[in-house]
Amino acid sequence: MEQHRISPATVARAIALLAAEGAVVTRPGSGTYVAPRPRQPTARADTGWQTVALTDRTVDTRSVIDDLGPPPEGTIRFDGGYPHASLRPTAALSAALGRAGRRPGAWDRAPAAGLGTLRSLFATSAGGTVTADDVLVTAGGQSALSMALRAVAAPGSPILVESPTYPGVVAAARAAGLRPVPVPVDGDGLRPGLLSDAFAMTGARVLYCQPNFHNPTGAVLPPQRRREFVDIARAAGAFVIEDDFSRFLTHGRAVPAPLAADDRDGTVVQVTSLTKPAAPSLRIGAIVARGPVMARIRAVRLVDDAFIARPLQEAAVDLLTSPAWDRHLRGLAAALRDRCRVLADALGRECPEWTVTLPEGGLHLWAALPSGSSEQRLALAARELGVAVNPGRKFFAAEPPGAFLRLSFAAAADTAELVTGARLLAQADA
């Protein structure tokens with residue numbers, strides 16, 4: 001305290017941190033001591049045997065791990081998948097979690113399907129004929145996707161995916177032993193004619209799609225295609241896994257109802273999540289499904305993790321039912337709309353040869369690079385200048401038709417950083 005001119009509370013926090021890291025050992029009634037240091041091994045470990053033992057190659061790390069590694073501190077993050085910390089409802093989340101932890105029974109076992117109140121809130125959000133009985137609470141959207149894929153398709157079978165699409169679903173499908181088959185998209189999303197052909201040629205019984213603010217292109221399926229897709233899948237005897245991750249990421253426009261809203265026959269399995277609009281560690285999502293497929297998904301849940309932590313579910317209920325949530329969503333929509341426009345305008349000035357799709361929701365811009373461009377070299381050059389981007393290759397389950405970048409406008413600190421990042425991207429491109 002004397003040496004550093006700090007308070008006793010700061011000293012106590014520092015010692016607690018050192019103890020958590022294993023650097024010191026505290027002994028009640030005696031004192032705090034430097035922990036014994038482990039003896040360094042003299043020989044280098046040989047893990048080569050694992051290469052032979054890990055014979056299953058279905059887990060594809062390349063689609064979910066950045067080849068360039070984590071960007072250094074201070075990098076402008078155009079590669080982020082979540083809004084910046086300044087766009088989170090941190091105060092409302094902290095208050096909700098504090099109240100949730102004090103509720104009677106908050107630390108009891110939660111129902112396997114999720115708290116009834118939370119399931120009702122998800123059902124109301126889906127609308128149409130969806131009820132709480134059709135909802136299963138999950139640990140975020142990625143967990144929901146993984147459970148849904150394993151429930152509806154047998155290992156070795158094909159699954160139709162958009163091209164381009166969310167890399168996480170390709171990785172999850174391959175980890176489940178499925179074979180992703182790409183179906184091209186246009187400015188309005190999946191092309192119905194090619195979808196019919198893909199079902200006929202592959203015999204697939206599952207389609208994965210993102211009808212609202214598609215990742216990465218930002219496309220929104222028009223009403224006619226929505227009805228057509230469900231009819232095509234139903235005629236093929238197939239499920240549609242609807243990834244509705246962006247329902248709360250609108251830029252102010254009304255979001256169309258999910259495909260699952262009025263699907264009484266159980267063709268559509270909807271996946272949604274609170275994680276992106278709220279915070280990365282609010283791992284709360286949901287699956288909406290009807291019929292025997294829901295029973296199978298619930299069985300997968302019991303095998304995987306039994307149930308979702310009750311305090312987190314209670315906090316989600318508290319957040320969703322508070323006036324702060326609606327205020328947050330309005331503010332988030334305005335901020336995303338502003339950031340989207342700022343980055344698009346900056347790229348128009350700095351990189352006029354690029355073709356940039358302007359979405360009406362979501363977190364990203366999709367940029368098509370001029371013919372002959374190397375997105376990988378551009379990504380590397382941008383990283384050296386302090387900007388991290390997502391090369392488009394990872395969003396395709398097969399050969400890409402050109403060079404693309406996915407650019408997040410949500411993860412940067414502010415709009416000034418977006419403008420600076422666009423200027424640095426132009427330098428990297430040059």
State, to 0.1 Å, how close L87 and A410 come at their nearest heavy-atom pair, and which atoms those are.
-> CD1-O, 3.9 Å

Under-4.0 Å salt bridge between [X] and [Y]:
X	Y	answer
R227	D231	no
R377	D429	no
D108	R310	no
R103	E314	yes
D186	R225	yes
R406	D79	no
D244	R247	yes

Please confirm whether the backbone N or O of [Y] pairs with a side-chain atom of [X], one donor and one acceptor, at under 3.5 Å?
X	Y	value
Q270	V288	no
S94	T90	yes
R179	G156	yes
T138	G140	yes
T275	P280	no
R13	A16	no
H214	P164	yes
E350	A346	no

Can V317 and L320 be said to form a side chain to side chain contact (heavy atoms under 4.5 Å, CB included), step by step?
-> CA-CA 5 Å; V317 170; L320 293 178; over 6 Å; no

Would L358 and R341 count as a side chain to side chain contact (heavy atoms under 4.5 Å, CB included) if you check the C-alpha gap in whole Å, the side-chain angles of each, and the deciding distance to 0.1 Å?
-> CA-CA 8 Å; L358 192 65; R341 176 60 63 183; 3.3 Å; yes

Around R296, counting heavy atoms of other residues, nucleotides and ligands shown, do more than 12 lie under 6.0 Å from its CZ?
-> no

Within-4.5 Å side-chain heavy-atom neighbours: [X] and [Y]:
X	Y	answer
W366	P216	yes
E242	V271	no
R226	P256	yes

Looking just at side-chain N and O atoms, do Y208 and D243 make a donor-acceptor pair shorter than 3.5 Å?
-> yes

Between the side chains of R290 and T131, does any donor sit under 3.5 Å from an acceptor?
-> no

Please check if the distance between the ring centroids of F78 and H84 is under 6.0 Å.
-> no

Decide yes or no on side chain to side chain contact (heavy atoms under 4.5 Å, CB included) for F404 and F395, but give the supporting numbers first.
-> CA-CA 9 Å; F404 301 88; F395 296 90; over 6 Å; no

Please work out which of the three classes, parallel, tilted or perpendicular, describes the rings of W325 and F248, given edges at 30° and 60°.
-> perpendicular

How far apart are the C-alpha atoms of L207 and F199, what are their side-chain angles, what is the distance that settles it, and do they pass the side chain to side chain contact (heavy atoms under 4.5 Å, CB included) test?
-> CA-CA 9 Å; L207 163 68; F199 272 123; 3.9 Å; yes

